[in-house]
Asker: 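Below is a structure I'd like to ask you about.
All of these numbers come straight from a predicted model, not from anything done at the bench. Chain letters run A, B, ... following the sequence lines, proteins first and then strands; every chain starts at 1.
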Protein chains: 2
Amino acid sequence: MMRPMSGAGTSAGQRLAGARGRIDKRRAILDAAFTVFAREGYAQAGVDVIAAEAGVAKATVYNHFGDKETLLRQTFAALADSALTQNLAAVERLADHGGELRAMLEDVGFHLLQCYCDDRSWAMRRLLSAEINQFPDLLDIVQGQVADRVTEALADRLARLALAGRLRTTDPLLAAEQFSALLSGPVDKRSRLGTRHVPDTELRTVASAAVHTFLKAFAAEPAEAT
Amino acid sequence: MMRPMSGAGTSAGQRLAGARGRIDKRRAILDAAFTVFAREGYAQAGVDVIAAEAGVAKATVYNHFGDKETLLRQTFAALADSALTQNLAAVERLADHGGELRAMLEDVGFHLLQCYCDDRSWAMRRLLSAEINQFPDLLDIVQGQVADRVTEALADRLARLALAGRLRTTDPLLAAEQFSALLSGPVDKRSRLGTRHVPDTELRTVASAAVHTFLKAFAAEPAEAT
DNA sequence: ATTATGTTGGACTGGCCAGTTCAGTTGTGC
DNA sequence: GCACAACTGAACTGGCCAGTCCAACATAAT
């Protein structure tokens, strides 16, 4: 029938065409797998359906991943990887370049919330919840490789702000945890487990409220009026 | 074989024995269903297995609930009902009887965390996450009937404290949301999606930290040193 | 006793799906 | 040109399970 991949591959670069085609298919399968897993659940998801979604034969899926279980793990690994990058980028906005502290915190909070509310992000958490009993090791991939590192990175930044005298805290890790909690907690209810899309303006409102409370607790100055 | 239910039923009250036996079986099935759903997931859970766990024939399950889907819904309804009762009981500990505010908040926080960390509570949330795509209405049962009401009740209590001049806030609902967030957020990471049991001492620590931050933001007095 | 209702175990149907196999195709490196 | 590796489509096996049906049994009310 149609064989778009190989055709497209050769048009781009002949020497890499074979490998490129293979790699592209791998990515296509991982993407399709996540889409279908997220939509139907791991057990419900048929490998045939994933293959169709990826535009690939079922045998090719088994060729790349061996069985459904490792396909799930690889899917999570790929996902966690991209989530980590995005979250760290958000945290890195928190630097001590003399700007106004409140605005900076709100900015970081907003971008963290955007990561948190991303469709794929919600789908991943739901899938993890669903399969945690059958595959406890998935939790290590997600929490150990992503959530913990992000919190740690955030704690680092807060510690430097405390050292610079702009925040007051003896436990930056606790501050980071509570900052995250103030962000994600209120948004949890509003997004109905990721079912409802939360618009950016609402995210900014939540971020602003979170920072307001956070600064009352941790600001170096006695906290100005609101 | 064995027929323990009817025997136990008649020993209690002859007239109700039939009905009682039936009701007991209904409860047994609901309990078993939740156990198995939680352990294996909705799709994976065999109705035969649930029946066996309940000590009942498979046909009896269909007799009571018609099909697997309504069994799931009834299971959630029963669960949400009991969760609501427990949570409201925890919130009601927050009354304005002149006691020390901080201690009272820590007490409420601790008991809310106990509800939140209960095994069945975690299992319910995981199951909900897993099946939200196929059964979006389950969310209304859980969030609409439980979470929202609890937050509302908490907001009521906080409003009365504010009115009595013991807290300072113009938005008790926001305060309630942030209080909940400061409690559940830090515990989320520690409990590994309910996989790990969090000991009471740790819950007290988290509650104490949450109240500490909360009071810095919302206490009527400028906040004493810690 | 009889009737009605609920329960039981077991057998049975129809459908779904992971994973395999295979014969045939395509593009690449040499 | 040839050999090689990946890919394809399709058929096939074996296992699992929701939901139904049935003949026999228990219990309560009349």
Asker: Going by the ring pair (Phe, Tyr, Trp, His ring centres under 6.0 Å) test, which pairs reach into residues 115-148 of chain A, not counting sequence neighbours?
Answerer: Tyr42(A)-Phe135(A), Tyr116(A)-Trp122(A)
Asker: Got a sec, which pairs hit ring pair (Phe, Tyr, Trp, His ring centres under 6.0 Å) with one end in residues 137-157 of chain B, sequence neighbours left out?
Answerer: none
Asker: For nucleotides 12-17 of chain D, give me every protein contact, N/O to N/O, under 3.5 Å, one pair per line with atom names.
Answerer:
none

Asker: How many whole angstroms separate atom CZ of Phe65(B) from atom P of dG6(C)?
Answerer: 14 Å
Asker: Flag the pair Leu138(B) / Ile132(B) as yes when at least one side-chain heavy-atom distance between them is below 4.5 Å, and no otherwise.
Answerer: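 Result no, sub-4.5 Å side-chain heavy-atom pair not found.
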Asker: Compare the minimum distances between each of dT8(D), dG6(C), dC21(D) and the side chain of Lys25(A), then state the nucleotide with the smallest one.
Answerer: dT8(D)
Asker: Could you note down all residue pairs passing ring pair (Phe, Tyr, Trp, His ring centres under 6.0 Å) where residues 177-204 of chain A supplies at least one of them, sequence neighbours left out?
Answerer: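 Residue pairs with at least one partner in residues 177-204 of chain A: Phe179(A)-Phe214(A).
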Asker: Less than 4.0 angstrom between a side-chain N/O of His64(A) and OP1 or OP2 of dC7(D), yes or no?
Answerer: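 Yes, because at least one side-chain N or O of His64(A) sits under 4.0 Å from OP1 or OP2 of dC7(D).
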Asker: Measure the distance from CG on Asn63(A) to P on dC7(D) and round it to the nearest whole Å.
Answerer: 6 Å
Asker: Sort and list the pairs that fulfil ring pair (Phe, Tyr, Trp, His ring centres under 6.0 Å) and have at least one residue in residues 58-84 of chain B, not counting sequence neighbours.
Answerer: none
Asker: Thr60(A) side chain N/O closer than 4.0 Å to the phosphate oxygens (OP1, OP2) of dT8(D)?
Answerer: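 The answer is yes; a side-chain N or O of Thr60(A) sits under 4.0 Å from OP1 or OP2.
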Asker: Can you list every side-chain hydrogen bond (donor to acceptor under 3.5 Å, both in side chains) pair that touches residues 134-144 of chain A, not counting sequence neighbours?
Answerer: Arg73(A)-Asp137(A), Asp140(A)-Arg192(B)
Asker: Measure OH/Tyr62(A) against C1'/dT20(C) and give the value in whole Å, please.
Answerer: 9 Å
